[in-house]
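Shown next, in structure tokens, is the structure this report addresses.
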Amino acid sequence: MESLNFSVLVLAAGKGTRMRSTLPKVMHPLAGLPLIRHVLNAAETLTPKQISVLIGEEMADVAAVSKPHKTLLQKDRLGTGHAVQQGVAGGALAEAEALVVLYGDTPLITPDTIQAMLAKLSQNPEAALVVLGFHTATPTGYGRLVVEHGALQRIVEEKEASEVEKKITFCNAGIMLFRSNVLPELLAKLDNNNQKQEYYLTDTIHHARNAGYTCLTVEATAEEVLGINSKAELAQAENILQQQLRAQALEQGVTLIVPETVFLSKDTTFGGDVVIEPNVFIGANVHLADGVHIKAFSHLEGATIGAHSTVGPFARLRAGTVLGKNVKIGNFVETKKATFGDEAKASHLSYIGDATVGNHANIGAGTITCNYNGFTKAETVIGEGVFVGSNTALVAPITLEKGAIIGAGSTITQNVPADSLSLTRPPQTIITGWATAFRARFKKEI
Ligand code: UD1
Ligand code: CA
């Protein structure tokens, strides 16, 4: 059967006071991405006609991460029904046959589940809407789904539920799918005559039944529809997602020696035969090519690692790090906005920032790119095959041309021509017998 074409409206106007944070709730990161991005990514996979995001005032950051999708403003927060009214008034339907309503704070929702809801609506022409439900032993706080003779009769919110209804364990996840040609009339019938004096989206079920439509449910697991209202729930979602990401990585052939100690991001990508040792943190936007080996206790963010390169142990790769093939970044090396050519090495104790390192270059232990003068950042260019001796300060802007050699302990402030030696080093003094005489002053021998 032809599936319905549809648009998506993501509700994200809530401030999330229980997060106890100045950040809007949907901006809190989960596996390296803001909550709202997880929801948008799931929606995007299904290529809807349009995705729009309903935000509250002072949520410019939410609008920015929601791009290219449009955002609509809900000034007064009068309930989920009011939210969808505002969305529809702002053009959220976009002339699609159906509207999927998602919550910005329910990030683990999968495209498959949304697809199952769409399939159910398209197979049941008499249905006005589909509600996503889940079973839980602890239903307190959720709207309860009252199902009779296999059909959804109504949703009772916690505050209005009778003692008998409170015992229902089939709950509303909040995610709903509406047939577009019915939705406006259902929204028009909503009122706020209830305990919370809010316009409840859940009252659309009652109005749809009264108008002669049926209402259906699709069931998800409680994990998938976990809503984030507090830091505790955020941590719970992180735990669930990390387990999923590790399982996917293992399935893809990544070796995780102690999986539960490796933190991954939703957008981490792996080539074949990648090995990740214990206690590694991989933040957003990290890409590991074939045969990459990340050694223990390394921290990576915004880094692209070329084939067969090794990183760590105890390395820190910051945003803008790009490693070619067979690169070696060893212990206590920090990189930032740094490109390393094939076979380049920085094996120990270095800071390489705002730099380009050529193929086969060797950066000795203790090399520092002095990229900051307190006001501005400057670039260091290290050519192909350059050898930088240990404990060297490279004061940027500076260029070491191809094949140059820098003597250990130098502070390099001028460009070094190709194939030259450069070093800054006071001449070494030797005073024969001085040490013996010195000890004699203290009446000591070795
Ligand atoms: C809602 C449902 C409840 C369901 C629960 C699942 C209603 C009336 N109740 O209750 O049946 O079990 O979700 O978590 O729908 N929002 C706006 N603007 C508003 C109000 C809400 O954008 O004016 C957004 C919030 O940011 C949030 C979502 O809608 O993402 C849900 O709102 P919330 O107030 O948390 O609803 P609940 O009372 O939890
Ligand atoms: Ca909620």
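Numbers here simply count residues along the sequence, with the first being 1. For ligands, and for the atoms within them, numbers begin at 1 and follow the listed sequence.
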Which pairs of donor and acceptor atoms, one on a side chain in residues 242-255, lie under 3.5 Å apart (sequence neighbours left out)?
unit_1: Q242; atom_1: OE1; unit_2: L264; atom_2: N; d: 2.9
unit_1: Q242; atom_1: NE2; unit_2: E238; atom_2: OE2; d: 2.9
unit_1: Q242; atom_1: NE2; unit_2: L264; atom_2: O; d: 2.8
unit_1: R246; atom_1: NE; unit_2: P259; atom_2: O; d: 2.9
unit_1: R246; atom_1: NE; unit_2: V262; atom_2: O; d: 2.9
unit_1: R246; atom_1: NH2; unit_2: V262; atom_2: O; d: 3.3

Do any side-chain atoms of residues 292-303 form donor-acceptor pairs under 3.5 angstrom with protein atoms, and if so which ones, sequence neighbours left out?
unit_1: H293; atom_1: NE2; unit_2: E277; atom_2: OE2; d: 2.9
unit_1: S298; atom_1: OG; unit_2: K295; atom_2: O; d: 3.0
unit_1: S298; atom_1: OG; unit_2: A315; atom_2: N; d: 3.3

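Evaluated for a side chain to side chain donor-acceptor pair (under 3.5 Å) with Y200, the options H206, E160, E157 yield exactly one hit, E160.
For the residue pair S350 and E334, no side-chain donor N or O sits within less than 3.5 Å of a side-chain acceptor on the partner.
The 4.0 Å heavy-atom shell around ligand 1 contains residues L11, A12, A13, G14, Q74, R77, L78, G79, T80, A83, Y103, D105, Y142, G143, E157, N172, A173, K196, Y200, T202, ordered by chain and number.
For R179, there are no salt bridge (charged side-chain N to carboxylate O under 4.0 Å, His left out) partners, not counting sequence neighbours.
Using a 4.0 Å cut-off between a side-chain N of Lys or Arg and a carboxylate O of Asp or Glu, K377 and D354 do not qualify as a salt bridge.
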